[in-house]
Novice: 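The structure that follows is given in the form of C-alpha cells.
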Amino acid sequence: MTELCDIIRNFTFFGRNIIIIMSRQYPIGKVRNIGILAHIDAGKTTCTERVLFYTGRTHKLGETHDGAAVMDFMVQEQERGITITSAATTCIWRDHQINVIDTPGHVDFTVEVERSLRILDGAIGLFCAVGGVEPQSETVWRQAEKYHVPCICFINKMDRVGADFFNVVSQIREVLGANAVPIALPIDQGPDFKGLIDLVKMCMVQYIEDKNGTYPQDTPLSDDLKAYAEPWRRKLIEHVAECDDVLLEKYFADEEVTEAELIAGIRKATIERKMCPVLCGSAFRNKGIQRLLDAVVDYLPSPLDVPHASGKDADGEDVERISSDTEPTAALAFKVVADKHVGKLIYVRVYSGKLTAGTYIYNSSKGIQQRIGRLFRMHANHRENVDSLCAGEIGAAIGLNETVTGDTLCDEANKIKLEAIDFPAPVISVAVRPLSRGDRDKLSNALVKLAEEDPTFTVHFDQETNDTIISGMGELHLEIIVDRIRREFNVEVEVGAPEVAYRETCTREVEHEERYRKQTGGHGQYAHVIIKMEPGEKGSGYVFENQISGGSIPKEYFNAIEKGFKDAMEQGPKAGYPVVDVKITLLDGSYHEVDSSEMAFRVCAAAAFRAAFLKAKPILLEPIMKLNITTPVEYAGSITGNLCARRGRILGTDSLNSKAQLIKASSPLANMFGYTSELRNMTQGRAGFNMQFDFYEPVPNSLADEIIDKRRKARQNKA
C-alpha cells in the first residue's frame with residue numbers, strides 16, 4: 001500500500017497561527033498501538049522518555065527523579081516520582097507510526113491499565129533485572145491476557161547490582177506461564193553491562209557515547225561470543241519453528257534460516273500469543289531502546305493483525321467492524337479528562353471508519369447524536385489539532401459532553417455497541433467536606449468531574465450523616481483525589497478517617513407478607529406482596545424472580561416492586577451498608593383497582609424487603625484484600641507475625657532468589673490502614689507490597705457488633 005502524505009492547513013485565528021494536520025499519514029499496516037506495562041518503579045516512564053528521544057519526538061531526556069519526565073505531567077506525579085494516570089503520545093520509527101500509552105504501576109491506579117489494554121493491539125512488559133516478576137507485574141500481565149494482547153518483554157536495569165537476566169526469564173515462564181524466548185542476550189550484567197548480542201542478526205551491539213547521546217553500533221561477534229550465542233539462537237529457531245511449518249521443515253532439514261524468515265516467524269508467533277520475545281537493556285543508561293523499537297515494529301501487530309472489533313447491532317445481533325477507513329465508523333471512548341483549557345476531553349480508539357471534526361456522531365450507549373468539536377493527537381498533556389482520526393488511530397475529542405468512559409461512537413445508520421470496559425469496585429471510603437460553606441458548589445462540581453474521569457472513584461451523599469462520601473481503590477488513590485481537589489479546583493476540604501466499604505447479606509431463607517394501606521382523604525394507597533428471600537451465590541449481587549401468574553398483581557406494577565427492593569438494598573436494615581448477594585422471589589400478592597399505584601407497590605416492596613431481611617439472619621461482610629509482599633529473607637518472620645496480628649492469613653511463600661522472598665497473604669482491609677509505613681519501619685524501607693481487593697467474607701460477630709455500634713453513634717452525633 002502506498003503511503004499517504006499529510007496535508008497541512010495553516011491559518012490565523014484570533015491572531016494565533018493554527019496548524020491542523022489533515023488525513024492519514026501512515027497506512028494502517030504501519031500503525032502500532034502499544035502500552036508499556038510493569039510493576040511500580042520498573043522504569044516504564046524512563047523507558048518511554050528514551051523512546052520519545054530516540055524517535056525524535058523530544059530533544060531532551062526527562063528524568064522521573066527530577067520531576068521532568070514529559071509523560072508524568074501531573075504535579076502529583078512529578079512530586080512523587082510515580083505515574084498516576086496513563087498518558088498517550090505518538091512517535092515515528094522506521095517509517096511506522098507508534099501510538100504509545102505509558103501506564104501506572106501502582107495497584108491503586110489499575111483502572112488506567114485496564115482501560116488502556118482494552119483498546120491496545122500490543123504491549124511491552126517491562127521487568128526489573130533485579131526484582132524480576134514483581135506483584136503488580138503479575139497483575140498487569142493477567143490484564144493483558146484477559147484482553148488477548150500480544151506482548152514482548154524488556155528486562156530493564158541490566159546495569160544494576162544483582163541484575164540477573166536469565167533468572168527473570170525463568171520467572172516470566174514459571175510465574176506468568178508465558179513462553180518467554182530471548183532474542184537478545186546481555187554482554188555481562190550489573191555495573192559491567194556493556195551491550196547486547198542480537199540473536200536474530202547474530203551480531204554484537206555496543207553503545208557509543210558522544211555529546212548527542214548514546215547510540216548502538218553493530219559489530220561482528222568474536223569467536224567466544226559466537227560460540228556462546230549459537231545454542232541460544234538454535235533454541236530461538238526451535239521455538240519459532242513450532243509455530244511455522246516452513247521453518248519447521250528447514251529446522252528438521254538442518255537448513256539455514258535467513259534473518260527475514262526468522263523475523264517473520266517471530267512476528268507470527270508473537271501475534272498468535274504463542275511466544276514472548278525477550279530483550280534487555282538499561283533505559284536509564286540509554287542502552288537497548290533502539291532494539292526495543294525495532295521489536296515493536298517487527299513483532300507487534302498492526303490493527304490489521306488483530307481480531308476485528310465486535311459488538312451488538314440495534315437488534316442485539318453480533319456484528320463486526322473491519323479495520324478500514326471505508327467501513328462504517330466504530331470507536332470506543334476509553335478515557336475522560338477534565339482539561340482546564342478545553343473542557344471535557346474524550347480519549348477515543350477508532351476501530352473502523354473515520355471521526356471527522358465538525359461532524360455529528362451517534363453515541364449508541366446513550367442513544368444520542370453529538371457533534372464533534374475538535375480532534376487531537378495527544379502528546380502527554382499537549383494537543384495537536386487534526387481534522388480526522390482514521391481506523392486504527394488513538395486520539396482525543398472535545399464537544400462530546402454526554403460521552404463517558406466505555407461509550408461507543410458510531411454511524412447512526414450502522415449502529416454498533418462495542419463491549420464496554422469492566423472496572424473493579426472501590427473498597428475504601430472517606431468523608432469530605434469543604435472548610436468554607438461557599439465552596440460547597442465548587443466541591444460538588446470538582447467531584448462530578450473527577451468521577452467522570454475515573455470509573456473506580458465514586459461519590460455519594462449520606463442522608464443520615466449529611467456527609468459527602470468518596471470511595472476509591474486505596475489510601476493513595478483517595479489521597480491523590482483530595483490533593484487534586486485542593487490544587488486543580490481550589491477547594492480546601494476536611495477529610496474524615498478512612499472507612500471500609502462494608503456490605504450486608506442474609507444467611508437463611510424466609511418468607512414474608514407485607515400490606516401497605518394509607519388513607520389520605522381522597523384515593524388511598526394500597527399494595528400487598530408476599531416474597532421469599534434467600535442467600536444468593538457469592539458475587540451474584542441481586543437476583544429478582546417473579547413467580548406470579550394469574551394476575552394477582554398486574555404486570556405494570558412489577559417494575560415498581562423491583563425498584564422498591566433496590567431502594568431498600570442501598571441502605572441495609574442491619575447497619576445501613578449496601579446489601580449484596582440476595583435472591584428475592586415475588587410469590588403472590590393483591591391489589592386494589594382504585595387505590596393501588598406504582599408508588600404504593602414500591603413503598604410496600606421496600607418495607608417487605610427490610611422486614612424479611614431482618615428475619616433472614618443478616619450478617620456484615622468485609623472486603624478481604626490479596627497481598628503480595630516482597631521482602632529480604634531476614635524480615636520474613638517479622639512480616640508474617642505482623643500480618644497474623646492484623647487478622648491476616650499467610651497463603652504461601654516463594655523464594656525469588658537467595659536473598660528475597662515473596663509472601664502471599666490475605667487480610668481484611670479494615671486492618672491494613674497505615675500498613676505501608678509500618679512495613680517500611682519493620683524492614684528499613686527494603687520491603688514492598690501490592691494490595692488489591694479479592695472478595696467479601698463475613699465479619700466475626702464480636703467485631704460486627706462493634707462496627708454497628710460505632711456507625712450508629714457516628715450517625716447520632718451527626719444528627
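Computed from a predicted model, the values in this text were never measured in an experiment.
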Novice: Is the count of non-hydrogen atoms from other residues, nucleotides or ligands lying under 6.0 Å from Lys366 atom NZ greater than 12?
Specialist: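 Yes, the 6.0 Å shell around NZ holds more than 12 heavy atoms from other groups.
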
Novice: Spell out, as yes or no, whether a donor-acceptor pair under 3.5 Å connects the side chain of Ser444 to the backbone of Asp441.
Specialist: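 Between the backbone of Asp441 and the side chain of Ser444 there is no qualifying donor-acceptor contact (under 3.5 Å).
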
Novice: If you compare all heavy atoms of Pro434 against all heavy atoms of Arg440, which two are closest, and at what distance to 0.1 Å?
Specialist: CG-CG, 3.8 Å

Novice: Measure from NZ or CZ of Lys626 to the centre of the six-membered ring of Phe693, then state whether that distance is under 6.0 Å and the direction lies within 45° of the axis.
Specialist: no

Novice: Answer yes or no: is there a donor N or O on one side and an acceptor on the other, between the side chain of Thr408 and the main chain of Leu418, under 3.5 Å?
Specialist: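 Side chain of Thr408 to backbone of Leu418, a donor-acceptor pair under 3.5 Å: yes, one is there.
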
Novice: Are the aromatic ring centres of Phe544 and Phe565 under 6.0 angstrom apart?
Specialist: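 Yes, ring centres under 6.0 Å apart.
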
Novice: Can you say whether the rings of Phe457 and His477 are parallel (under 30°), tilted (30 to 60°) or perpendicular (over 60°)?
Specialist: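 It falls in the perpendicular class, over 60°.
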
Novice: For Lys615, is there any backbone N or O sitting under 3.5 Å from a side-chain donor or acceptor partner on Arg508?
Specialist: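 A pair under 3.5 Å: yes.
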
Novice: Could you tell me whether the side chain of Asp313 and the main chain of Glu317 form a donor-acceptor pair under 3.5 Å?
Specialist: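 Yes; judged by distance alone, with no hydrogens or angles, the pair exists.
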
Novice: Taking atom types as modelled and ignoring hydrogens, do the side chains of Glu114 and Tyr147 form a donor-acceptor contact shorter than 3.5 angstrom?
Specialist: yes

Novice: Looking at Arg602 and Asn559, would you say the former's side chain and the latter's main chain have a donor-acceptor pair under 3.5 Å?
Specialist: no

Novice: Are Arg649 and Glu697 ion-paired here, with the side-chain N under 4.0 Å from a carboxylate O?
Specialist: yes

Novice: Measure up the Tyr347 and Phe334 rings against each other and bin them: parallel (under 30°), tilted (30 to 60°), perpendicular (over 60°).
Specialist: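 The rings of Tyr347 and Phe334 stand perpendicular, inter-plane angle above 60°.
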
Novice: Give a yes or no on this: more than 12 heavy atoms of other residues, nucleotides or ligands lie within 6.0 Å of atom CZ of Phe695.
Specialist: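 Counting other residues, nucleotides and ligands, CZ of Phe695 exceeds 12 neighbours.
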
Novice: Would you confirm whether Thr653, through its side chain, and Leu662, through its main-chain N or O, come within 3.5 Å as a donor-acceptor pair?
Specialist: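 No, Thr653 side chain to Leu662 backbone: no donor-acceptor pair under 3.5 Å.
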
Novice: How far apart are the closest heavy atoms of Val500 and Tyr577, and which atoms are they?
Specialist: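 Scanning both residues, the minimum pair turns out to be O-CE2, 4.3 Å.
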
Novice: Is Lys415 atom NZ crowded by more than 12 heavy atoms from other residues, nucleotides or ligands, each under 6.0 Å away?
Specialist: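 More than 12 within 6.0 Å, yes.
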
Novice: Testing the 3.5 Å rule here: is there a donor-acceptor pair between the side chains of Tyr526 and Ser590?
Specialist: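 Per modelled atom types, Tyr526 and Ser590 side chains form a pair under 3.5 Å.
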
Novice: Measure across Ser597 and Tyr557 and return the closest heavy-atom pair with its distance rounded to 0.1 Å.
Specialist: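 Answer, listing the atom of Ser597 first, then Tyr557: C-CE2, 3.6 Å.
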
Novice: Can you name the residues that form a side chain to side chain contact (heavy atoms under 4.5 Å, CB included) with Asn642, not counting sequence neighbours?
Specialist: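 For Asn642 the side chain to side chain contact (heavy atoms under 4.5 Å, CB included) partners, ignoring immediate neighbours, are Arg646, Tyr675, Glu678, Met682.
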
Novice: If you take all heavy atoms of Asp411 and Tyr362, which pair is closest and at what distance?
Specialist: C-CB, 4.2 Å

Novice: Are more than 12 heavy atoms, taken from residues, nucleotides or ligands other than Lys532, located less than 6.0 Å from that residue's NZ atom?
Specialist: yes

Novice: Report yes or no: does Glu419 contribute a side-chain atom to a donor-acceptor pair with the main-chain N or O of Gly311 at less than 3.5 Å?
Specialist: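 Absent.
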
Novice: Looking at CZ of Phe609 and CG of Leu614, how far apart are the two atoms once the value is rounded to the nearest 0.5 Å?
Specialist: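 Atom-to-atom, Phe609:CZ and Leu614:CG are 10.0 Å apart.
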
